[in-house]
Structure formats: C-alpha cells, structure tokens
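Below you'll find the structure, written out as structure tokens, and then a few comments.
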Number of protein chains: 2
Amino acid sequence: MTRSKKYASSTDVARLAGVSQSAVSRTYKPGASVSEETRAKVLAAAEQLDYRPSMIPRIMLTQRSHLVAIVIGGMYNPFYATVLERFTSRLQAGGWQVLLLHVDSGHSFDAAIPRLAGYRVDAIVSALAVLGPDTAEALARFRIPVISFNTPAQNDFLSSVCCDNTGAARAAADLFAARGARRFGYIAGPADSPANQDRLGGFRDRLRELGLPEPAVLGGHFRYEGGYASALQMCAGPDRPDAIFCANDLVAIGAIDALRRELRLKVPDDVMIAGFDDIPAAGYAGYDLTTFVHDAARMVDESLKILRAATAAPPEPHEHRVVVPAMLIERGTTARRA
Amino acid sequence: MTRSKKYASSTDVARLAGVSQSAVSRTYKPGASVSEETRAKVLAAAEQLDYRPSMIPRIMLTQRSHLVAIVIGGMYNPFYATVLERFTSRLQAGGWQVLLLHVDSGHSFDAAIPRLAGYRVDAIVSALAVLGPDTAEALARFRIPVISFNTPAQNDFLSSVCCDNTGAARAAADLFAARGARRFGYIAGPADSPANQDRLGGFRDRLRELGLPEPAVLGGHFRYEGGYASALQMCAGPDRPDAIFCANDLVAIGAIDALRRELRLKVPDDVMIAGFDDIPAAGYAGYDLTTFVHDAARMVDESLKILRAATAAPPEPHEHRVVVPAMLIERGTTARRA
DNA sequence: TTGTAGGCGTTATCAA
DNA sequence: TTGATAACGCCTACAA
C-alpha cells in the first residue's frame with residue numbers, strides 16, 4: 001500500500017547481478033553493446049528488485065526532461081477537454097510526458113512559472129486566455145519554447161496556433177444571408193477574448209460587405225446563462241433579429257432554450273442560430289445546432305510540429321503563427337428556406 | 001523563441017555572486033541561516049542569470065518527486081474533466097505537480113507504468129475503468145500508493161474512493177415510486193462497469209423491496225446514442241415503462257431526445273427519466289434532467305486525505321475504501337404528481 | 001565486451 | 001554564518 005523501501009537503483013542491481021553499474025546502464029540503452037550473458041544476469045536481478053531506470057539523473061545529464069507542461073484554465077468548455085486528451089496521447093506517443101497545470105488567472109500563471117522552470121520542462125503549451133504580454137515576457141526569460149493555443153502570439157518569444165475565427169464568422173454571415181435573414185444579432189463572449197473579438201469582427205465586416213444591416217450585440221460571457229439572458233433581452237422587442245451568431249455553443253444553447261421556453265419562438269423558423277465549438281450537446285437532437293468547430297486534430301498536430309522543431313537540438317526554424325481554418329457543421333438551427 | 005543556453009545553475013550564481021554554492025542553496029531554503037548581505041548578493045546574481053532552482057537533484061536526494069500521476073481514460077464524460085480540474089488545483093496548492101497520463105486500455109496502462117516509475121512519482125490517482133487486477137498488481141510491485149477513483153479496490157495494494165452508486169439507485173427507485181410510477185426501465189451502461197452494475201442492482205433491489213415490478217433492462221454503453229436507441233426500443237411497444245432510470249446523463253439525454261422526437265412522448269408526463277452525473281446539459285432548460293451527482297469535491301478531498309497519509313514519511317494509517325454518497329438533483333423530468 | 005571514473009545540480013553534514 | 005565535501009542515480013568517455 002505504501003512505499004516501505006526506496007526504489008532500487010542500478011547500483012543495487014549491479015551488485016546483485018555481480019556486474020558493474022555501467023553494465024546495467026547499457027542493458028537499458030537500446031543499441032548498446034552488452035553480451036547476452038550479462039544482459040540476462042542484469043535483467044534477472046532487475047526483475048528480482050523491481051528495478052526501473054530513473055529518468056531523473058538523465059534529465060540532469062542531458063538537460064532535457066521530456067516533460068511538456070500544458071497549462072489550462074477552466075475546462076467547462078468541452079473543447080479543451082478534447083484538446084487536452086489529444087495532446088496528451090500524442091505527446092506520450094512521442095516520448096514526452098505531460099505536466100498539467102491548472103491556472104485561473106494571469107497572476108496564478110506567473111506564480112506557476114518558477115515551478116515549471118524547476119522541473120526543467122522542455123516546452124510549454126498554453127491553452128488559455130490569460131496568457132498576457134507580461135506572462136509571455138516572463139516565460140521568454142527562461143528560454144522555454146511556448147506554444148500558445150488559440151491566443152495569437154504577442155511577441156517574438158512564443159509561437160501560436162489559432163483557429164481562423166474571422167473566416168468562420170464571415171462564413172456564418174454568408175450562411176445566414178443565403179438563408180434569407182434580414183436582421184442580425186451577435187451574442188458575445190468576454191470583450192477581452194481575442195476569439196470573441198475576431199468572431200464579432202468577421203461577422204460584422206462580412207455583413208457590411210454584403211450590404212446588410214449591422215448586427216445587434218449583447219453578452220459578455222462564454223457560458224450558458226449568458227446566452228440565455230442575452231437572447232431574452234435581444235429578442236423581447238419588436239425589432240428582434242431573425243439570425244443570431246453566438247460566440248460559442250454554450251451561449252447558443254442558452255439562447256435556444258431562452259427563445260423556446262421564454263419567448264415561444266421557433267428555431268430556425270423565427271430565429272436562426274449558429275454557435276462555435278461543436279460541443280457534444282450541439283449534436284443532440286434536442287438542439288441540432290449549426291456550429292463551427294476548431295479542427296482540433298490539425299491544431300494539435302501543428303502545435304506538435306512547432307514543438308518538435310523548437311525543442312530539437314539544435315533548434316530548427318519553424319512557423320511562429322499558424323492559422324487553421326474552422327469547419328462548418330450545418331445542422332437544423334439554420335435549416336430555413338430562403 | 002528557443003533555448004539557446006542551458007539553464008543557469010546554482011554554481012553559476014555562486015560564481016557571479018562571489019559566494020559558495022551552498023550559500024545559494026541556503027538562500028532558497030526557507031528558514032536557513034544566511035546573512036542579509038549574502039542573500040542580497042545571491043538574489044542579484046540569480047536575477048541577472050534568470051536562475052530558478054532545479055527540482056531534479058532534489059528528487060534524487062530526497063526520494064520524493066512531488067509528482068502525482070493522474071491516469072484518465074476518455075474525457076467524453078465531463079465529470080472527469082471536473083474531477084481532473086479540481087484534483088489539479090488542489091494538488092498544486094499542496095505543493096505537488098500533476099503528471100497527466102492518458103490511457104485507453106488496460107494494456108496501455110501497463111505499458112505506461114515503467115514511465116511513471118521512471119519519473120519516480122509519489123503516488124498515482126486512477127480515474128479509470130480499466131484498472132484491472134493485473135495492472136493493480138503490477139503497480140503494487142513498485143510500492144507506489146495508488147488511489148483508484150470510482151473503481152473499488154481489488155486488493156490490498158491500492159485505496160479507492162467511490163461514489164455510493166447503490167444508494168443513489170435505491171433513491172431513484174424511491175423517487176419514481178413516490179411519483180406514482182408503475183412500470184420501470186433501466187437503460188444500462190457497459191455490463192463490466194462496476195458503476196453500472198451497482199446502479200442496476202440498487203434500482204432493482206429497491207423496487208423489489210417496495211413490491212414493485214422488475215425493471216426492463218436494455219443498453220450497454222455510456223453514450224448518447226446508446227440511450228437514444230435503447231429508449232426507442234424500450235418504449236415502442238404497448239407495455240412501455242413510465243419511469244426510466246438511466247446509467248448516466250448522456251444516456252438519459254439520448255433517451256429524452258428519442259422519446260420526444262421519435263415517439264412523441266412527453267417527459268415527465270408519459271415517461272419520467274432520471275440520470276447520473278449532472279453534466280452541464282442536464283441543467284439546460286431544454287432537458288431539465290433529474291439526476292444524481294458525484295460529490296466531486298468531497299471525493300477529491302477524501303482522495304487527497306489518503307494521498308497525504310500514504311505519501312507521508314513514515315506512511316500513516318488511513319482508510320482504504322471510502323464511499324461517498326451521491327447527491328440527488330431533482331428537476332423537471334421527474335416532476336409528476338403522484 | 002567490460003569496468004573505472006568523472007560529472008550533472010542539488011541537499012545535508014561537518015568543520016571552520 | 002559560511003564553505004568544503006560527500007552523496008543521490010545515472011550516462012559517457014576512456015582504458016582494459
């Protein structure tokens with residue numbers, strides 16, 4: 001149940017096997033020159049002592065920990081759970097281990113940096129909105145490669161892999177227009193979120209280009225309750241929009257519930273809705289929500305490509321800003337005949 | 001962007017500050033005896049070199065890594081995202097770091113064990129269904145304390161913290177009975193899941209005790225689609241149940257969508273539904289699902305209590321099997337007058 | 001193919 | 001309060 005003895009060391013194994021410590025070391029190094037006889041003796045002794053080579057001295061010697069820190073904020077958005085899972089699998093497959101860091105503010109990120117440095121992580125992946133310029137600066141001082149997931153790089157010290165929010169928002173405007181919408185709304189996320197800014201910007205710009213009216217804008221959270229309240233307010237009056245683009249799916253689902261239950265409006269007949277993220281609930285028949293989805297697979301792959309290049313010895317040149325297109329998933333909430 | 005130099009070491013700092021390496025070490029050790037003058041010199045030099053003490057040699061010396069591995073399977077169930085987040089926050093607050101391990105089968109768990117041992121993790125938390133007896137045995141050999149989250153301990157080598165599934169299922173039977181239900185159904189999860197077994201068992205036993213009929217049982221997955229299909233099949237005939245307990249919320253939500261959209265049945269008027277987990281969608285107005293929720297906070301806290309005791313030096317005695325009651329969240333899908 | 005020896009960056013012990 | 005020194009467990013020359 002609890003550790004009663006220390007881990008066995010290679011020296012312990014060597015003693016038991018009657019060989020030198022280097023022989024043990026070589027036994028566990030692929031492609032080293034050890035005789036079958038020695039190897040057998042070592043493995044037998046190791047088995048008996050439950051020996052596993054420690055990574056720790058290796059880290060000291062090689063200056064590489066094979067540890068990658070993943071920093072995340074709230075996981076209330078299932079998208080991040082997906083990303084985290086995929087990252088973890090891929091990194092493990094590549095011989096890395098994941099040091100998970102939970103952070104709920106820029107401040108707590110700063111506080112965590114010394115710890116990351118203490119474990120000598122090879123790289124940091126930030127899937128986080130709170131990576132501000134100061135934090136980025138602090139990270140840069142340790143010369144640890146940082147990959148910012150979904151937050152554009154603000155300086156030369158970190159790379160970023162982002163979803164093309166602007167392009168997706170433009171596509172939403174096109175879709176609504178093609179379905180015959182006339183009055184538009186945007187239910188926003190936090191004003192300081194770059195993703196939210198780009199989605200609003202792309203949506204508004206494209207509507208303008210199409211000669212359509214400005215969208216009404218409300219909101220300020222990425223949460224269900226925010227969508228619920230904003231939809232209520234936005235659609236209570238006479239001039240309500242007949243197509244609403246929502247900052248994300250949680251917001252969109254909140255909006256749908258509000259429209260149906262409080263205002264007795266039909267989706268998509270009275271109001272079309274589109275969201276962002278394709279969370280599981282978006283696919284439930286009860287919502288059947290048209291949405292855009294980050295190409296998580298490709299974003300993770302691009303991140304890993306950067307990571308490999310940046311942690312190579314010597315470091316290889318690589319992209320610093322990658323933008324990956326979002327994918328439209330058209331479902332029932334925009335299924336209206338123009 | 002990329003590491004051009006190695007991390008600075010305490011020796012580098014000592015040289016620059018004109019003091020001994022030990023002086024640097026002491027400066028970073030709380031409560032050590034260093035003069036203000038020396039400390040100032042050290043801190044200045046450290047600042048200049050961007051020095052952070054490394055944890056790595058400390059691990060070698062103290063035999064404690066302050067690393068806790070959390071092993072998870074699929075995160076499609078948001079409950080695990082919540083648990084992971086809470087665990088991570090709490091562990092960090094307690095001075096630990098989290099090594100995240102993704103595992104998709106018992107086999108890949110086994111494959112990962114040497115890595116965990118290699119990083120000399122202080123403990124392992126498994127939030128996983130695939131922790132079989134063999135894997136548990138293999139873990140025990142390394143004498144690393146293992147805490148199994150939501151899977152009962154199978155041997156003396158690991159502790160477990162579980163939700164009281166049986167008790168919750170009995171409460172579901174009571175609730176349905178109190179609301180006047182007469183015919184019952186259970187949409188099951190995987191047959192080899194202990195959680196599923198306990199939920200079915202408790203539900204069935206309690207119905208029997210109440211002198212009510214046996215529930216119809218269908219299903220076999222913890223997923224939306226499984227609930228959808230099973231509900232369809234279970235309620236298509238004339239003798240359909242008027243109260244269905246579902247193995248979890250995803251299943252319940254699938255069932256609700258199927259009943260409403262395919263069979264035009266009303267929830268809760270025609271069929272009452274209860275689930276398990278209280279995933280976000282359960283709270284959406286569109287579902288308003290009655291459900292049971294793991295007391296994640298308390299389960300994590302109990303786990304940490306065990307973890308602290310088991311990793312203490314010397315190890316302290318502690319509970320090996322903790323069962324935490326689930327909490328009933330009564331919502332609209334059981335709101336029927338008896 | 002083997003063993004010896006030095007070093008990685010800390011902490012702990014001891015003497016000064 | 002300080003500095004020298006010996007670990008910790010492994011890897012990597014180097015010599016045998």
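Remember, it's a predicted structure, so these values are computed and weren't measured experimentally. A note on names: the letters A, B, ... follow the listed sequences, proteins ahead of strands, and every chain is numbered from 1.
- Spacing between atom CD of Gln63(B) and atom C1' of dC8(D) amounts to 7 Å, rounded to whole angstrom units.
- Using a 4.0 Å heavy-atom cutoff across all strands shown, Val34(B) reaches sugar-phosphate atoms only and no base atom.
- For the pair Arg120(B) and dC10(D), the criterion of a side-chain N or O lying under 4.0 Å from OP1 or OP2 is met.
- Close to dC10(D), at under 4.0 Å from its OP1 or OP2, lies no side-chain N or O of Lys29(A).
- The shortest distance between side-chain heavy atoms of Arg308(B) and Trp96(B) falls below 4.5 Å.
- Contact annotation for Tyr51(A): backbone-only contact, meaning every heavy-atom pair under 4.0 Å involves sugar-phosphate atoms and none involves a base.
- You can see that DNA chain C meets the heavy atoms of chain A within a 4.0 Å-exclusive cut from dT1(C) to dT10(C), reading 5' to 3'.
- Within the nucleic acid shown, Ser54(A) comes within 4.0 Å of sugar-phosphate atoms alone, with no base atom in reach, counting heavy atoms only.
- The side-chain heavy atoms of His102(A) and Leu91(B), taken from C-beta on, include no pair separated by under 4.5 Å.
- Using a 4.0 Å heavy-atom criterion, one finds that Ser35(A) contacts the sugar-phosphate atoms exclusively.
- Among the heavy atoms of the strands lying under 4.0 Å from Ser9(A) are primed sugar atoms or P, OP1, OP2 only; no base atom is included.
- We find that CZ of Arg26(A) is positioned 12 Å from P of dA13(D), with the value rounded to whole Å.
- For Leu61(B) and Arg39(B), each mapped to the nucleotide of DNA chain D holding its nearest heavy atom, the one lying further toward the 5' end belongs to Arg39(B).
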